[in-house]
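Notes follow the structure.
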Amino acid sequence: MKTTQLLIIKDIQEDFEKIKIAAGMIRSGGLVAIPTETVYGLGANALDPQAVKGIFEAKGRPQDNPLIIHIACTQDAQKYAKNIPDSFYRLAQQFWPGPLTMIVPKRDCIPIETSGGLQTVAIRQPSHPVARAIIQQAGVPIAAPSANLSGKPSGTTAAHCMADFDGKIDAVVDAGSCQFGVESTVLSLAGDVPELLRPGAVTPEQIRSVVGELKINPAVVSRLEEGAVAASPGMKYKHYSPKATVIILDGDREDYLRFVNGQDQEGVFALCFEEDIADLKKPFVVYGRQNDDLTQARELFYALRELDQRGAQVVYARCPSKVGVGLAVYNRLLRAAGFEVKKI
Ligand code: TXA
Ligand code: MG
């Protein structure tokens, strides 16, 4: 057991000593959960194979699932990647710092542990000021998957990180809850045509406006077929799942309310929008507002964890819009539901 320090950052200037402590831990091979604008990340020095192994152990993450490296300035990308296409820089210009991860061929300095055995590397420049300060102070790229035990909903608060990693990592840096609440958009630039591997707050429409043609990997909205090779190893694994059985109800609001109110099993919960509360006769957990995909994204993982805490057994979820940031919300909810969608 380690003693996990909680480093609370209220003001980046006044609390700069704590940023330095976190950065020092990472530089010297430690594991630190750090806030980003998407979700909390479990960070380690991306260039240190031993430290990176620690991430996999703490999360219980399969070793073939590669990590994203986080950098503080766009120019650093060329230290870790090669054959970087022009589209990378055009996208970086538009969306960095921010919730976009781009995959390009890796250089040898990126250990195979970090890239999960692949010859490519995923790179992101986060916008969260605390994340940026920690990367800068550490002076190394930070490998950071979402800060959650493998298979569980990603951590969006320091309390989530503590719940999953207390006693297993060196520190948790607490800077409040995350702006977006779902992980970054993952885009591969390693093939002929840019390909969306995971939707996020940077939408397909926004990416197309910069690169023109964009492929959407089929696994974004459907179950990977048995034996198929995943473009992104993360697609293969069960994810975001609370203990309850989650079923997405795809239909309009009236049908949703009628269906849920008509259930009489024990432990039924609604995972619904704020507007639904007044008309529901079952226990519920809210994830955002009906026509506001940003609030849905921000609250989804929090809501999934809350369902566990409240002992939900069967959860009927309202279906998000599937466009814009709604596609990211739908993608996460689909995985939480093990792809169970019921048309109503
Ligand atoms: O917002 C985020 O992206 C957060 C924060 C902490 O930055 N990080 C995050 O990391 O979500 P993780 O490891 O939970 O998800 C990264 C995804 C995984 O599905 C992984 O398989 C995929 O990106 N990935 C990473 N490197 C890849 C590569 N070289 N080729 C294909 N997929 C890759
Ligand atoms: Mg993750």
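Please read these numbers as outputs of a predicted model, since none were measured by experiment. Count residues from 1 along the sequence. Whatever order the structure lists them in is the order used to number ligands and atoms, beginning at 1.
- Coordination check, Ser146 versus the Mg ion (ligand 2): passed, since an N/O/S atom of the residue sits under 2.8 Å.
- Geometrically, ligand 1 and Thr36 share no nitrogen or oxygen pair separated by less than 3.5 Å.
- Contact annotation for Arg124 and ligand 1: only side-chain heavy atoms (C-beta onward) come within less than 4.0 Å of the ligand.
- Contact check for Ser232 versus Asn217: no side-chain heavy atoms found under the 4.5 Å cut-off.
- Summary of contacts: the protein heavy atom closest to atom 32 (N) of ligand 1 is Ser232 OG, 2.8 Å.
- The pair Glu183-Arg124 does not count as a salt bridge, with every side-chain nitrogen at least 4.0 angstrom from each carboxylate oxygen.
- Using the six-membered ring where Trp is involved, Phe259 and Tyr316 have ring planes that are perpendicular, over 60° apart on the 30 and 60° scheme.
- Considering backbone and side-chain N/O atoms, Arg198 comes within less than 3.5 Å of an N/O atom of ligand 1.
- Shortest contact from atom 6 (C) of ligand 1 to any protein heavy atom: Gly41 CA, 3.5 Å.
- Within ligand 1, the atoms closer than 4.0 Å to a non-hydrogen atom of Glu183 are 1 (O), 2 (C), 3 (O), 11 (O), numbered from 1 in the order shown.
- Under 4.0 Å is where a charged nitrogen must lie from a carboxylate oxygen, and between Asp308 and Arg305 no such pair does.
- Of all protein heavy atoms, the one closest to atom 8 (N) of ligand 1 is Ala144 O, 3.5 Å.
- With ring centers used as reference points, Tyr287 lies under 6.0 Å from Phe273.
- Counting only heavy atoms of the protein, atom 19 (O) of ligand 1 lies nearest to Gly234 CA, 3.3 Å.
- Within ligand 1, counting atoms from 1 as listed, the ones closer than 4.0 Å to a heavy atom of Thr120 are 28 (C), 29 (N), 30 (N).
- Taking a cut-off of under 4.0 Å to the non-hydrogen atoms of Leu118, the atoms of ligand 1 that pass are 28 (C), 29 (N), 30 (N).
- Residue-ligand proximity, Ile68 to ligand 1, at heavy-atom distances under 4.0 Å covers atoms 3 (O), 8 (N), 9 (C), 10 (O), 16 (C).
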Side chain to side chain donor-acceptor pair (under 3.5 Å) evaluation trace for Thr203 with Arg208 | CA-CA 9 Å; Thr203 65; Arg208 280 200 185 97; over 6 Å; no

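- Taking only nitrogen or oxygen atoms, main chain and side chain alike, Ser146 reaches within less than 3.5 Å of ligand 1.
- Within the 4.0 Å heavy-atom shell around ligand 1 one finds Ala231.
- Within the 4.0 Å heavy-atom shell around ligand 1 one does not find Lys106.
- For Ser184 and Thr101, the side-chain atoms include at least one donor-acceptor pair closer than 3.5 Å.
- Using a 3.5 Å distance cut-off with no hydrogens or angles, the side chains of Arg27 and Gln137 do not pair a donor with an acceptor.
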Stepwise salt bridge (Lys or Arg N to Asp or Glu O under 4.0 Å) test for Asp279 and Arg253 = CA-CA 10 Å; Asp279 299 308; Arg253 180 174 181 275; 2.7 Å; yes

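- Salt-bridge check for Glu306 with Arg310: passed, with a basic side-chain N closer than 4.0 Å to an acidic carboxylate O.
- Distances from ligand 1 to the non-hydrogen atoms of Pro233 include at least one value under 4.0 Å.
- Of all protein heavy atoms, the one closest to atom 13 (O) of ligand 1 is Arg61 NH2, 2.8 Å.
- Here the protein heavy atom with the shortest distance to atom 27 (C) of ligand 1 is Pro66 CG, 3.3 Å.
- Of the protein's heavy atoms, His70 NE2, 2.6 Å lies nearest to atom 7 (O) of ligand 1.
- Each of Asp108, Ile110, Thr114 was checked for a side-chain contact (heavy atoms from CB on, under 4.5 Å) with Tyr80, and the lone residue meeting it is Ile110.
- Atom 3 (O) of ligand 1 has its closest protein heavy atom at Ser184 OG, 2.5 Å.
- At least one side-chain heavy atom of Leu100 sits less than 4.5 Å from a side-chain heavy atom of Leu91.
- Between Asp174 and Lys10 there is no salt bridge, since none of the side-chain N atoms of the basic residue sits less than 4.0 Å from a carboxylate O of the acidic one.
- Close approach to Val39 involves these atoms of ligand 1, each under 4.0 Å from a residue heavy atom: 4 (C).
- Interface of Asn65 with ligand 1, defined as ligand atoms under 4.0 Å from a residue heavy atom, comprises 18 (C), 20 (C), 21 (O).
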